[in-house]
Each structure stands twice: as C-alpha cells, then as structure tokens.
Amino acid sequence: MVSLEHWLLLGSVLLLASIFANTVADRFGVPALLLFLGIGMLAGANGPGGVPFHNAPLAQALGVIALVFILFAGALQTRSKEIRPVLWMGASLSTLGVLLTTVLVGWFAQQFLSFTWLEGLLFGAIVSSTDAAAVFTVLKSQKVSLKEPIRPLLEFESGSNDPMAVFLTIGLISLIQHPMKSPASLLLLFVTQMGLGGGIGYLAGRGMVLVLQRLKLEHEGLYSVLLLAMVLLTYSLASFLGGSGFLAVYLAGLVLAGKDYFHKKTMTRFQDGLAWLMQISMFLILGLLVLPVHLPRVFWPGLWLSFFLVFVARPASVFISLIGSGLSARKKAMVSWVGLRGAAPIILATFPLVARLPRAETYFNLVFFTVVVSVMLQGPSIARVARWLRVEVPFQRKRHSPLEFDAPGAIDACLEEFIVPFNSAVAGNSLTQLGLPADSLITLVCRDDRYLVPSGRTVLQEGDVISVLTTPDGIGEIQTLLSRQK
C-alpha cells in the first residue's frame with residue numbers, strides 16, 4: 001500500500017513541474033496546457049512514473065470541485081461594464097451555440113464513425129464548451145490583443161457555456177441508460193436546472209455581497225475561507241434542490257464582481273490562484289488516466305472528429321448564434337477560431353466512465369484527442385490568424401504596481417494609473433504646479449520601468465505613469481489635465 005507521504009511527494013513534484021512548465025510556455029509561446037498533459041502522461045501507468053491511477057469516481061469528484069472554482073474565479077474577474085454590451089451575444093453562444101455544436105458533432109459521429117445518434121450527441125455535448133483560461137493564457141503568451149468586443153465576448157461565452165454543456169451531458173447519459181425515456185423530458189429538466197440555478201445564483205451573490213460588506217472578522221485570512229465556504233454552499237444548495245450548481249456559482253461570481261467589499265483584491269487573487277491549481281490538477285489527472293497504449297485505436301476517429309469540430313461545427317455554431325449581432329464576418333471568424341477546449345471537456349469525459357456506459361473509455365480517449373488537437377492547432381496560430389483577419393490591436397503589457405489600494409464600499413476612492421502623454425502641457429512641471437483636484441494625491445511615479453517616490457518638487461516627464469489616489473469624479477478631471485497640449 002502506497003503511503004500518504006508518497007502521494008504528497010508525487011503531487012508536489014507534479015505541481016512544481018507544471019508551474020515551471022508554464023513559465024517555459026509563456027517564454028516560448030507554447031500552450032501550457034499541452035505541457036500539463038505531457039507531465040501527467042509521463043507520471044502515468046504507461047510512463048516513466050508508472051503511477052496506476054484509474055479511479056474515475058474520484059476523478060469526477062475532483063473535477064466537479066475544480067470546475068466550481070474555475071467558473072467562480074472567472075466570473076469574479078469579469079468586468080460588468082465590458083460584458084454588458086455583449087450580454088445577449090454571449091448568452092446566445094453559451095446556449096444555442098453549445099446546442100448547435102452538440103448536434104453537428106453528433107451528426108458527424110453518427111454518419112461517419114459508427115456511433116449511435118445518442119452516443120454521437122453525448123460526445124458533442126462533452127466537447128461543446130470552450131475554456132477562457134486556455135484562450136487568454138495563449139493570447140498573453142503570444143502578446144496578442146483583440147479588437148472589441150471580441151475579448152469580452154470570448155470571456156463571457158467561455159465562462160457561461162459550461163452549465164449548458166453539463167446539462168446536455170447529464171441529460172444524454174440519462175437517455176442512453178433509459179432508452180424508454182422521452183427526449184422531451186430534457187426540456188423540463190433544462191427549465192428546472194437553469195431556472196433554479198439562475199435564481200439561487202443571483203440570490204447567493206447578493207447574500208455574499210451583504211456578508212462581505214458588513215461582517216467584520218479579526219483575521220484577514222478568514223475572508224478568503226469565508227468566500228470559499230459560500231461558493232461551495234451555493235453550488236451544493238442549487239444542486240440539492242435540482243438546479244444547475246455550476247450556473248448558480250457563475251452568476252453569484254458575476255454579482256459579486258460588480259460590487260465593492262472588504263479585501264476584494266486579496267480574495268480575487270486567492271480565487272485566481274485556486275482556479276490555476278484546479279486547472280493544472282485536471283490536466284494532470286487526464287494525463288494520469290489516459291493510457292497511451294490505447295490511443296492508436298482511436299487515432300483516426302479522434303483526428304476526424306477534432307477537425308470537424310474546429311473547422312465546421314464551431315464556425316457554424318458561432319455564425320448562426322450571432323445572426324443579427326452586427327459583428328463583421330472577420331470578427332465572427334476570430335471568435336470561431338479562438339474556441340479552445342480545456343478543463344471542462346476533461347471533467348465531463350469522466351461522467352460516462354462513472355456511469356459505466358458501454359463505450360466510456362472510447363469517449364475519454366476521443367476527448368483527449370479533441371483537447372490536444374484544439375490546443376495544438378488553434379493555440380499557436382491565434383496571433384497569425386488575428387493579423388490575417390485584421391482584428392489585432394497593439395498589445396499592452398500589464399504593469400504590476402508595488403502599491404495596492406483595496407477600498408471598502410464605504411470609502412469613495414480608488415487608485416488609478418495615468419500616462420503623461422507626449423507633448424503634454426504638464427510635462428516639465430513639478431507636482432505642486434499641476435493643479436490636481438483637492439481630493440487627489442499622487443502616490444507613485446513610474447519612469448523607464450523604475451518607481452519613484454514623489455515629493456512636491458518631483459518634475460513630471462513625457463511617458464511617466466503616475467499612480468493617483470482619487471475619487472471617481474476626479475478621474476475625468478485628471479485625464480483632462482494631462483491631455484492638454486503645449
């Protein structure tokens with residue numbers, strides 16, 4: 001019997017290897033998800049590690065927990081002002097788009113790969129959702145920024161389409177297990193799951209806001225633990241009552257994202273780190289579960305299914321779902337190409353294994369192919385496709401300021417960064433000569449990637465980035481002041 005210490009040693013080594021692999025991936029523009037998969041396969045039963053991991057129920061349980069926190073972290077970092085203009089487009093992609101992808105892939109599998117109709121639909125449902133983390137990790141590593149509203153649309157779609165994919169997967173497994181069951185029963189299940197999940201998620205989000213704004217804890221670290229407990233409560237309560245726990249968690253995160261509360265930045269950072277842990281874990285588990293010696297049996301079916309998904313099903317579902325959106329064909333094509341698959345299909349691939357469906361292992365191996373082909377084919381080519389479609393904008397490297405200001409809701413203040421423009425009238429003036437609003441204070445100056453602690457005698461130069469503690473009303477005044485030309 002393998003001791004606990006051996007499992008802890010293995011887990012820590014795999015996590016460290018994945019983190020270092022991510023650093024390499026960022027440097028060379030390689031999709032990190034592929035490296036996570038490779039590390040898991042090397043540690044697996046057919047690799048040098050020789051770890052025999054075949055516990056599908058445990059993998060599914062870990063996957064459900066992982067998806068809960070991945071969805072919540074993604075929602076928590078969503079900017080409501082950017083999402084609002086693309087709300088209906090994202091909702092269409094995450095519901096109608098997922099359904100169309102499922103049907104198209106199911107038809108292809110039934111027509112050309114000897115699947116039954118329900119088996120093909122089940123595979124289509126498993127691979128129908130996209131992954132925001134996979135998309136934006138690749139974009140960042142390749143230093144690519146996309147024109148509006150592509151980025152917020154991709155962000156909202158990939159965060160909100162998992163509940164629909166989960167619903168279809170569970171519903172189709174039920175139909176396969178109970179052939180006499182009417183397909184019309186899925187409609188009632190859909191209304192129940194989405195209605196209860198949406199209602200509970202909204203109420204839970206409002207409740208989280210009230211608790212985090214009013215509850216005063218003596219230890220700051222307990223706020224993150226409190227939020228973690230409320231996320232799990234939201235998922236489990238919605239699921240227990242028959243709703244979609246994943247939708248509930250995502251909506252709760254969206255509600256919380258638009259509000260101010262104590263230690264918001266600390267908790268957002270904690271949730272982001274937790275989501276990374278969950279995503280890495282799921283790719284490692286996939287690598288451990290998959291047996292490379294079984295892959296040649298599904299190589300060609302997996303390849304054809306992957307190509308059909310990437311080149312036919314995904315573009316068709318996007319163009320149909322976005323009819324009447326006003327987006328140009330080039331932007332729709334970019335949205336189609338950036339539909340990378342990630343953690344969600346991996347998690348959903350464990351559902352047929354746990355349900356002991358006749359072709360469960362085939363589903364799992366096919367999902368492996370789909371995720372790998374999606375990341376290998378679409379990931380490295382995103383920058384070239386964006387330039388070819390002329391939807392790229394200059395990449396802005398995110399600056400990590402040494403100062404943070406986490407204002408509770410009762411304080412009407414914020415810490416904002418401003419750039420002193422070329423030929424600005426304030427360039428060459430000291431801080432005492434600027435004429436800033438009375439309720440504004442310059443706390444830091446960044447010049448040539450070096451930070452300066454300012455005094456009243458500090459003279460501003462063109463290109464300086466100044467951090468200003470101000471009020472929302474003062475932001476416009478400062479922008480007007482800095483934009484005046486000499």
Side-chain angles (χ1 to χ4, degrees), residues 25-26 29 31-33 70-98 129-162 250-251 253-254 257-258 268-269 271-272 275-276 279 310 314-315 317-319 321-322 324-344 374-375 377-400 416-417 419:
D26 284 343
L33 307 184
I70 290 170
L71 285 173
F72 185 76
L76 202 59
Q77 298 180 61
T78 300
R79 292 167 288 275
S80 57
K81 290 182 180 179
E82 296 182 357
I83 295 300
R84 200 171 293 119
V86 300
L87 190 60
W88 83 262
M89 290 187 285
S92 179
L93 286 173
S94 61
T95 51
L96 178 60
V98 168
S129 64
T130 56
D131 190 296
V135 171
F136 291 105
T137 299
V138 171
L139 288 174
K140 182 180 178 182
S141 66
Q142 296 184 10
K143 295 181 172 54
V144 177
S145 293
L146 302 174
K147 287 183 178 179
E148 300 296 332
I150 299 176
R151 188 187 59 78
L153 178 57
L154 289 169
E155 182 178 357
F156 181 65
E157 179 214 359
S158 54
S160 60
N161 60 13
D162 291 333
Y250 184 72
L251 286 181
L254 284 181
T268 301
R269 190 179 295 111
Q271 290 294 328
D272 183 53
W276 266 107
Q279 182 161 246
V310 171
R314 170 67 178 176
S317 65
V318 168
F319 275 78
S321 299
L322 296 180
S325 65
L327 286 184
S328 66
R330 288 184 291 106
K331 291 182 178 180
K332 291 178 183 177
M334 194 66 212
V335 172
S336 302
W337 190 251
V338 190
L340 272 71
R341 269 57 195 174
S374 173
V375 177
L377 180 64
Q378 296 169 280
S381 62
I382 285 178
R384 291 192 296 272
V385 172
R387 296 186 188 103
W388 179 61
L389 292 173
R390 300 193 302 278
V391 294
E392 186 185 23
V393 295
F395 179 78
Q396 294 184 349
R397 182 172 60 89
K398 186 176 180 180
R399 183 180 290 102
H400 297 282
E416 295 289 329
E417 288 188 346
I419 298 177

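- Here the closest heavy-atom approach between residue Ser325 and residue Leu322 is recorded as OG-O, 2.7 Å.
- Using a distance-only test at 3.5 Å, with no hydrogens or angles considered, no donor-acceptor pair links the side chain of Arg387 to the main chain of Glu392.
- Note that the CD atom of Gln77 and the CG atom of Asp272 stand 4.5 Å from one another [nearest 0.5 Å].
- When all heavy atoms of Ala91 and Ser94 are compared, the pair lying nearest together is O-OG, 3.1 Å.
- A distance-only check finds no donor-acceptor pair linking the side chain of Arg151 to the backbone of Pro149 [under 3.5 Å].
- With rounding to the nearest 0.5 angstrom, the CG atom of Leu254 is 5.5 Å from the OG1 atom of Thr78.
- Distance alone, capped at 3.5 Å, is enough to place a donor-acceptor pair between the Ser321 side chain and the Gly97 backbone.
- No donor-acceptor distance shorter than 3.5 angstrom exists from the side chain of Arg341 to the backbone of Ser374, with no hydrogens or angles considered.
- A side-chain donor-acceptor contact under 3.5 Å links Lys331 to the backbone of Glu148.
- Here the closest heavy-atom approach between residue Leu76 and residue Ala257 is recorded as O-CB, 3.5 Å.
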Please assess Leu340 against Ile382 for the test side chain to side chain contact (heavy atoms under 4.5 Å, CB included), listing each intermediate value before the final yes or no. CA-CA 10 Å; Leu340 272 71; Ile382 285 178; 3.9 Å; yes

Side chain to side chain contact (heavy atoms under 4.5 Å, CB included) assessment of Leu377 paired with Val310: CA-CA 9 Å; Leu377 180 64; Val310 171; 4.1 Å; yes

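- Between Phe156 and Val86 the shortest heavy-atom distance is CD2-O, 4.4 Å.
- Shown here for Leu389 and Arg330, the closest heavy-atom pair between the two residues is O-NH1, 2.8 Å.
- Ionic pairing of Arg314 and Glu157 is present here: one or more N-O contacts between side-chain nitrogen and carboxylate oxygen are shorter than 4.0 angstrom.
- A donor-acceptor distance shorter than 3.5 angstrom exists from the side chain of Gln378 to the backbone of Trp337, with no hydrogens or angles considered.
- Heavy atoms of other residues, nucleotides or ligands lying less than 6.0 angstrom from CH2 of Trp88 number more than 12.
- The two atoms that bring Leu93 and Val318 nearest to each other are CD2-CA, 3.9 Å, heavy atoms only.
- For Ser92 (side chain) and Met89 (main-chain N/O), no donor-acceptor pair under 3.5 Å exists by modelled atom type.
- Atom CD1 of Ile70 sits about 13.5 Å away from atom OH of Tyr250, to the nearest 0.5 Å.
- Note that OG of Ser129 is 4.5 Å distant from CG of Asp162, once rounded to the nearest 0.5 Å.
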In sequence, state the C-alpha distance, the side-chain angles, and the governing distance for Leu154 and Thr130, and then conclude on side chain to side chain contact (heavy atoms under 4.5 Å, CB included). CA-CA 9 Å; Leu154 289 169; Thr130 56; over 6 Å; no

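- At least one side-chain heavy atom of Leu153 sits under 4.5 Å from a side-chain heavy atom of Leu327.
- The CE atom of Met334 sits 12.0 Å away from the NZ atom of Lys147 when rounded to the nearest 0.5 Å.
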